[in-house]
Amino acid sequence: MTVNLVPGSLLKTLPGSYYSDPEIFALEQARIFEAMWICAVRSADVGTPGAFRTVRVGRESVLVTRNRTGEARAFFNVCRHRGARLCTEPAGEVRRAFQCSYHAWTYDLDGRLVAAPNLTKMPDVDRVEYGLRRVHVREWLGYVWVCLAGEAPSFEDTVMGAVRTRLGDIESIEAYAVDRLEFGRRITYDVRANWKLIVENFMECYHCATIHPELTEVLPEFADGFAAQFFVGHGALFGDDVKGFTVDGSEGFERIPGVTAEQDRRYYAVTIRPQVFVNLVPDHVILHRMFPVAPDRTIVECDWLYLPEVVAAGRDLTKSVELFHRVNQQDFEACERCQEATNSRVYAEGGVLVPSEHHLAEFHTWVLDALEEG
Ligand code: FES
Ligand code: FE
């Protein structure tokens, strides 16, 4: 695969087929989504032993849960007997084991086969060997991250490395104590667009002036086509008369205690390839996770996270959530309009981006390298 990435004012996107071809999509699923660290669920979604979620990672269903000692665990959601889907619900809770509804093979929260009809009469059946197939797990930023690869890439180099590259260091994100924040709101978007169009859009702030009127009111530098991720460590400053990161610039909530004076009144956007966007503002954090399901369809889960006391007090989050909800709707609608045209002969060689952001140029070479290396 050779793709011409022209240096200069304009940067070529990938050819149109990369956004619509099922074969390329299958390759991406295998070599990117099933090979890298994927942000699967919020830790609080599996907050207690036996609470579980099932998530789609690449072409696989993954069962994420917590064992009796409180450690996150993830397994391929496939029964080791005849391969039936073990958990068919997106979320739920078991007391101490998962039981397959086909022939009742039963697995404990660490995945060991603990019971099956006549198991005692089959002493040669190893309970670990026939246990659920484990998936690599890490918890960071209050999320459970999983990796389906046999040998996982370094979490520190890839996931944390992306944050370091963008913000300059890890302390800058730790200041927001994302793992101690609580859910204010989650909105799931079913976006009829290729996941890469969503990444390109997130990293090219060139569109902010035209499609994000509310956002540019709050962050006036975006109205100049200035970029959200312009240089390492850059955070966009709130407008002078803006009181908070809300849909009308009205007061937000108390500043997260660790946020520094330098970070105050600023918005920072971070892209963690392949499927996470983190948005940091002084009083909350907005985190997007993308789950591609087809070349032209991506499920995006977006969480708005607040200080526990803000959520516990039942404070009105409407104006706070509404700002980025509108941004999401505006962005995804734009991505869907691009998706419609990716099959056009005019887009066969791709389009161009205006790469004002420091790492946009790397994205396409990263995708191509990942597809070639697998
Ligand atoms: Fe699960 Fe038989 S397929 S117990
Ligand atoms: Fe946008």
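Throughout, numbering of the chain's residues begins at 1 and tracks the sequence. Each ligand, and each atom within it, is numbered from 1 in the order the structure gives.
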To atom 2 (Fe) of ligand 1, the closest N, O or S atom belonging to His103 is ND1
- Query: Do the side chain of Asn118 and the main chain of Lys121 share a donor and acceptor less than 3.5 angstrom apart?
  - Reply: no
Checking Asn328, Asp331, Val191 against Val300 for side chain to side chain contact (heavy atoms under 4.5 Å, CB included), the one that qualifies is Val191
Contact region, Ala104 to ligand 1, non-hydrogen atoms below 4.0 Å, reads backbone
Next item on the list: Determine, stepwise, if the pair Arg166 / Thr271 fulfils side chain to side chain contact (heavy atoms under 4.5 Å, CB included).
Entry: CA-CA 8 Å; Arg166 166 70 190 101; Thr271 307; over 6 Å; no
Less than 6.0 Å separating the ring centroids of Phe52 and Phe98?
yes
Quick note on ligand 1: atoms under 4.0 Å from a heavy atom of Cys100 include exactly 1 (Fe), 3 (S), 4 (S)
Answer key: the N, O or S atom of Asp331 nearest to the Fe ion (ligand 2) is OD1
Taking only non-hydrogen atoms of Cys79 and a 4.0 Å limit, the atoms of ligand 1 in range are 1 (Fe), 3 (S), 4 (S)
In ligand 1, the atoms that come under 4.0 Å of a heavy atom of Ala84 are 3 (S)
For His81, the N, O or S atom at the shortest distance from atom 2 (Fe) of ligand 1 is ND1
message: Looking at Tyr143, I'd like to know if the NZ or CZ of Arg42 sits under 6.0 Å from its six-membered ring centre while staying within 45 degrees of the ring's axis.
response: yes
Between Trp195 and the options Phe33, Phe25, Phe291, the ring pair (Phe, Tyr, Trp, His ring centres under 6.0 Å) test singles out Phe33
Near Trp105 (heavy-atom distance under 4.0 Å), the atoms of ligand 1 are 4 (S)
Note: NE2(His207)-the Fe ion (ligand 2)-NE2(His212) angle, rounded to 10 degrees, equals 100°
The protein heavy atom nearest to atom 3 (S) of ligand 1 is Arg82 N, 3.3 Å
**OP:** Could you walk me through whether Arg138 and Glu156 pass salt bridge (Lys or Arg N to Asp or Glu O under 4.0 Å), step by step?
**Re:** CA-CA 11 Å; Arg138 278 290 289 263; Glu156 283 69 20; 2.9 Å; yes
